[in-house]
Amino acid sequence: MPPVLKPTTTPVGTTMSSESSKKRKPKVIRSDGAPPEGKRNRSDTEQEGKYYSEEAEMDLRDPGRDYELYKYTCQELQRLMAEIQDLKSRGGKDVAIEIEERRIQSCVHFMTLKKLNRLAHIRLKKGRDQTHEAKQKVDAYHLQLQNLLYEVMHLQKEITKCLEFKSKHEEIDLVSLEEFYEEAPPDISKAEVTMGDPHQQTLARLDWELEQRKRLAEKYCECLSNKEKILKEIEVKKEYLSSLQPRLNSIMQASLPVQEYLFMPFDQAHKQYETARHLPPPLYVLFVQATAYGQACAHMKSSSQPPRQDKTLSVAIEGSVDEAKALFKPPEDSQDDESDSDAEEEQTTKRRRPTLGVQLDDKRKEMLKRHPLSVMLDLKCKDDSVLHLTFFYLMNLNIMTVKAKVTTATELITPISAGDLLSPDSVLSCLYPGDHGKKTPNPANQYQFDKVGILTLSDYVLELGHPYLWVQKLGGLHFPKEQPQQTVIADHSLSASHMETTMKLLKTRVQSRLALHKQFASLEHGIVPVTSDCQYLFPAKVVSRLVKWVTVAHEDYMELHFTKDIVDAGLAGDTNLYYMALVERGTAKLQAAVVLNPGYSSIPPIFQLCLNWKGEKTNSNDDNIRAMESEVNVCYKELCGPWPSHQLLTNQLQRLCVLLDVYLETESHDDSVEGPKEFPQEKMCLRLFRGPSRMKPFKYNHPQGFFSHR
Amino acid sequence: PSRASSSLSLQAEVFQALQRLHMTIFSQSVSPCGKFLAAGNNYGQIAIFSLSAALSSEAKEESKKPVVTFQAHDGPVYSMVSTDRHLLSAGDGEVKAWLWVEMLKKGCKELWCRQPPYRTSLEVPEINALLLVPKENSLILAGGDCQLHTMDLETGTFTRVLRGHTDYIHCLALRERSPEVLSGGEDGAVRLWDLRTAKEVQTIEVYKHEECSRPHNGRWIGCLATDSDWMVCGGGPALTLWHLRSSTPTTIFPMRAPQKHVTFYQDLILSAGQGRCVNQWQLSGELKAQVPGSSPGLLSLSLNQQPAAPECKVLTAAGNSCRVDVFTNLGYRAFSLSF
């Protein structure tokens with residue numbers, strides 16, 4: 001049942017009509033509702049209580065019930081409309097009243113509908129307002145949220161920044177933990193606090209570091225002051241020493257007459273030492289070591305004899321001291337002489353451009369320049385022959401050279417073949433194996449040579465002297481091949497270790513050369529000098545004679561057809577001396593090509609033979625010629641004679657004569673040839689031939705005097 | 001001190017070079033296993049070379065050097081033969097036996113050493129030739145005392161002496177079928193000995209035959225070899241093939257230089273002597289080939305035909321040098337072993 005209004009039934013029915021009515025209604029509302037609304041707005045709150053307010057009414061009403069009311073009203077209207085229609089269709093007079101009544105009822109209903117429409121509009125508006133309000137709130141919240149998120153992000157960044165922060169202390173190299181706890185005082189280390197807390201620990205360690213550094217700085221200052229003090233002391237002492245020198249000089253002057261009187265040449269020696277100060281280091285080393293060795297030798301001998309009478313080794317310095325002094329006055333100049341001179345020379349090439357050859361010549365001269373001072377060594381041998389050695393120092397090449405000269409007590413007649421024996425060029429060749437003194441021992445020199453166009457040093461050795469390796473050693477210079485070093489420094493111990501052996505070798509070399517020299521003189525006259533203590537090696541009667549002894553050039557030796565074996569075996573180097581001997585007996589001629597090693601007599605001379613008799617016989621076509629060679633070459637040790645075996649060569653030659661005798665006398669007689677044998681057998685032989693190669697009895701047995709096979 | 005020793009070492013070096021230069025290898029013998037070759041030189045040293053190592057594909061320079069070298073005799077080692085276990089070497093007056101197994105070790109000592117009963121003489125006669133007689137397990141020695149001595153290898157006693165040569169004996173050869181031995185010597189005769197009766201059964205005085213006599217070279221017989229009824233010998237006289245039953249020379253080989261070693265090989269005759277070459281002859285007297293070696297003169301040839309080592313089947317030649325030439329086939333010299 002409708003609660004408020006009695007519904008008048010005129011059905012207005014369709015949605016279309018309701019919609020059209022809705023469209024109309026807002027206009028109605030506006031035109032209707034605007035004045036009261038405007039009124040209310042104008043009068044505002046004061047009139048609220050007094051005036052009717054539809055909004056307030058709306059708050060009180062239930063929308064659900066309004067809806068019910070609306071539906072009811074609509075039904076009523078439909079019903080009323082239907083009744084009206086019904087009445088009208090029936091027609092009549094009373095009908096009009098009834099219609100009127102019903103029209104009134106419908107109007108009421110329309111009013112109700114209008115009211116409801118208005119209410120609906122107000123509700124809508126209110127709903128909208130509420131939604132808007134809520135939305136604004138949500139927006140505000142959203143903004144707040146975003147702000148907060150941003151703040152969080154920023155804070156996180158800050159945190160990572162903090163975490164990544166590198167502190168300076170991490171770069172400081174601290175002492176290790178154990179050391180720290182051991183050494184640091186407890187008030188810094190605070191073990192109980194820091195043990196568990198790495199942060200505190202690091203702080204403590206840093207404290208300790210600072211403490212230590214402070215201490216060290218203090219110490220440094222202390223040392224500096226100490227140094228200062230010592231420097232001052234040195235200064236004072238230097239002053240004292242320099243004041244001492246003139247006083248000592250005057251004492252020396254005063255003592256001169258006393259020295260002369262007592263025959264003590266201290267002053268002379270002193271002067272030499274004074275000069276020696278200007279020697280370049282290698283020559284100085286040589287000078288000192290040679291003097292020392294000379295004195296040691298003199299002492300060993302002089303225990304019974306008066307001293308300095310038979311001094312075997314005397315040392316002297318030659319050359320101009322002033323020049324040497326001039327050389328060293330501006331020390332910087334002489335030190336980087338090379339680079340400077342290079343630069344200078346480059347400049348000069350720009351200034352004057354004379355012929356290139358002259359310029360190169362100057363450069364070469366500069367490079368091969370000798371130090372103005374040289375050391376003279378006189379080595380006296382037993383037979384009063386003297387080996388004069390002059391040592392030079394090539395300043396720019398940093399090597400030493402030597403020139404040698406042999407003088408004898410009595411004048412020597414020089415045989416032609418002995419020309420090379422005592423020549424300064426070869427007398428000291430290969431004193432040590434392979435040391436021929438033609439190449440520079442300093443590997444750096446080759447590059448220097450390349451610059452100025454020197455091919456090898458050997459073109460200059462005649463003028464400069466030979467740079468033998470032992471000379472460098474005596475001067476304490478050592479040029480290692482394996483590990484080249486920047487600077488080669490003269491070394492006393494090296495010189496000392498080589499002095500004695502070298503001096504002994506020099507002496508034996510001179511003696512053996514002199515012995516050869518004498519022997520060659522008689523060899524050239526066809527006499528093989530056999531000393532009495534070697535006589536037992538040979539039979540009394542030797543028929544074969546040496547008829548020729550000449551020297552041959554190395555190239556000629558190499559070209560001989562019967563020396564190939566020796567050449568192939570590498571025993572014919574160009575440092576050897578070569579000779580040709582000719583031994584004759586009757587129509588037989590035996591040529592012997594001899595290689596004389598410079599190391600004679602510890603290295604034996606080597607013979608290669610060629611016999612011209614009934615055809616040419618050499619070791620390749622006659623086993624007995626081969627055996628003869630081996631008799632002199634391999635079995636040479638029995639021919640050495642008494643030490644130092646200077647008779648080896650002559651004994652070998654004498655044996656060669658004996659061997660030729662045996663060879664010729666034992667040659668089997670050809671039955672088909674008429675006439676007597678050319679060489680009747682005079683030697684006593686046990687057997688003529690022996691063994692598969694039919695050897696002849698070449699071995700002489702001394703006291704019995706017969707020949708046997710080896 | 002190092003300097004003094006360096007000059008000493010140079011001295012030793014030169015001496016060694018000279019020794020090598022004047023070395024003569026007189027004898028060779030192949031081990032029973034066929035893999036090793038023993039060579040004896042004029043200094044009394046025996047060197048053992050490993051043929052298998054030198055012939056292998058990865059042979060280096062070192063494998064051409066001796067495995068071991070030792071001083072065996074005081075004088076030259078003129079002759080060597082191998083039994084199935086021993087190497088027998090002979091030089092001045094005595095024969096020594098070495099165990100092949102022991103020899104490859106260092107410091108090897110001889111197993112035994114025997115001297116044939118010599119008539120007293122000023123000098124000890126050398127032994128130039130050794131010959132094994134497998135049938136009676138004996139060794140025949142011949143050399144400087146002009147006699148053939150037979151030694152029983154079982155007991156080591158000298159059982160027989162065959163006398164007849166008037167000068168020293170150079171070489172021996174065994175006739176395979178009948179127990180007969182041939183010997184050739186400085187006196188120019190080849191003598192045929194019957195071992196059963198110990199008598200000389202035949203003498204061929206080669207130099208008396210005009211075809212092969214060469215008086216300027218002497219009459220000595222330096223080498224001989226035999227094969228059934230045939231015998232080849234050379235030396236002072238020309239290298240000649242003889243028919244033994246009729247004692248006539250059938251082929252004279254045109255070789256001027258005296259030959260020091262000759263051997264039958266298949267249907268060839270190999271000979272060597274003065275001169276660098278190994279000569280190969282047809283039985284008809286034609287020179288089939290001359291293969292040059294590295295030594296100026298050859299003294300011994302050795303054919304390694306041990307069935308145990310077919311890969312080491314080579315011809316080796318040695319003489320007036322420190323090298324042993326190895327010919328892998330007869331055509332050319334492959335390489336040289338060297339002392």
Side-chain angles (χ1 to χ4, degrees), chain A residues 430-435 469-470 473 497-498 501-502 504-505 565-566 568-571 597 599 602-604 606 608 614-615 618-623 626-627 629-631 633-637 667-673 686-695 697 701 704 706 708-710, chain B residues 1-4 6-11 13-15 17-24 26-27 42-43 75-76 78-79 92 121-123 125-126 128-129 143-144 167-168 170-171 186 207 213 215-220 222-223 235-236 257-258 260-261 274-276 296-297 299-300 319-321:
Chain A
C430 297
L431 192 64
Y432 290 97
D435 190 5
L469 279 174
W470 58 266
K473 296 267 160 87
S497 66
H498 286 84
T501 40
T502 308
K504 279 182 178 162
L505 280 173
D565 288 347
I566 299 293
D568 288 350
L571 295 169
N597 192 291
S602 66
I603 313 279
I606 302 168
Q608 287 293 95
K614 295 183 180 176
T618 64
N619 64 15
S620 61
N621 62 12
D622 192 323
D623 290 349
R626 196 159 181 264
E629 286 176 0
S630 113
E631 280 290 323
N633 290 343
V634 182
C635 309
Y636 70 91
K637 279 178 185 156
E667 194 59 26
S668 57
H669 186 58
D670 191 343
D671 297 334
S672 62
V673 180
L686 289 179
R687 274 169 65 186
L688 291 187
F689 296 102
R690 188 175 197 264
S693 23
R694 304 184 71 243
M695 286 299 138
N701 293 275
Q704 299 90 345
F706 66 89
S708 67
H709 291 87
R710 191 170 288 279
Chain B
S2 66
R3 288 304 199 83
S6 83
S7 96
L8 271 181
S9 78
L10 178 74
Q11 198 178 342
E13 219 172 89
V14 170
F15 182 66
L18 288 171
Q19 258 199 335
R20 279 167 59 85
L21 214 55
H22 291 96
M23 191 185 288
T24 304
F26 282 110
S27 51
N42 56 331
Y43 304 116
Y78 286 129
S79 181
D92 279 349
S121 162
L122 260 176
E123 70 150 13
E126 81 280 12
N128 284 329
D167 206 336
Y168 78 92
H170 274 287
C171 48
E186 186 73 16
Y207 65 97
S213 137
H216 58 279
N217 280 344
R219 47 176 77 160
W220 53 279
C223 56
K260 299 283 179 70
H261 193 103
Q274 201 63 257
R276 293 192 169 271
L299 287 171
S300 69
N320 288 342
S321 75

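Hydrogens, waters and symmetry mates play no part in the numbers below; they use all other heavy atoms, side chains included. Numbers restart at 1 for each chain; the letters A, B, ... are given by sequence-line order, proteins then strands.
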[X] portion near chain B, given a 4.5 angstrom heavy-atom threshold:
{"X": "A:K637", "result": "side chain"}
{"X": "A:R694", "result": "both"}
{"X": "A:I606", "result": "side chain"}

Against chain A, label B:Y43 side chain, backbone, both or neither, depending on which of its atoms sit under 4.5 Å from a heavy atom there.
->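 Side chain only.
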
About how many Å separate [atom2] of [Y] and [atom1] of [X], when rounded to the nearest 0.5 Å?
{"X": "A:S620", "Y": "B:Q274", "atom1": "OG", "atom2": "CD", "result": "8.0 Å"}
{"X": "A:R690", "Y": "B:E186", "atom1": "CZ", "atom2": "CD", "result": "13.0 Å"}
{"X": "B:L18", "Y": "A:D565", "atom1": "CG", "atom2": "CG", "result": "11.0 Å"}
{"X": "A:S630", "Y": "B:N42", "atom1": "OG", "atom2": "CG", "result": "7.0 Å"}

Check side chain to side chain contact (heavy atoms under 4.5 Å, CB included) between A:S602 and all other residues, then give those that pass, not counting sequence neighbours.
->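 Per chain and number, A:S602 pairs via side chain to side chain contact (heavy atoms under 4.5 Å, CB included) with B:Q11.
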
Largest heavy-atom contact set with chain A, pairs under 4.5 Å, which of B:N320, B:D167, B:L21 =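 Maximum pair count with chain A is reached by B:N320.
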
Quick one: which of B:K260, B:H170, B:R276 has the most heavy-atom pairs under 4.5 Å with chain A, could you say?
->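 Top count of heavy-atom pairs under 4.5 Å with chain A: B:H170.
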
Contact check, side chains of [X] and [Y], non-hydrogen atoms, under 4.5 Å:
{"X": "A:V634", "Y": "B:F15", "answer": "yes"}
{"X": "B:E123", "Y": "A:N701", "answer": "no"}
{"X": "A:R626", "Y": "B:T24", "answer": "yes"}

Please determine, among A:L571, A:D623, A:N597, the option with the most heavy-atom pairs under 4.5 Å with chain B.
->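 The candidate making the most pairs under 4.5 Å is A:D623.
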
Using a cut-off of under 4.5 Å for heavy-atom pairs, which of A:P692, A:A569, A:S693 has the most such pairs with chain B?
->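 Answer, by heavy-atom pair count under 4.5 Å with chain B: A:P692.
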
Using 4.0 Å as the upper bound for N to carboxylate O, is an ion pair formed by B:E126 and A:R687?
->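 The answer is yes: the pair qualifies as a salt bridge.
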
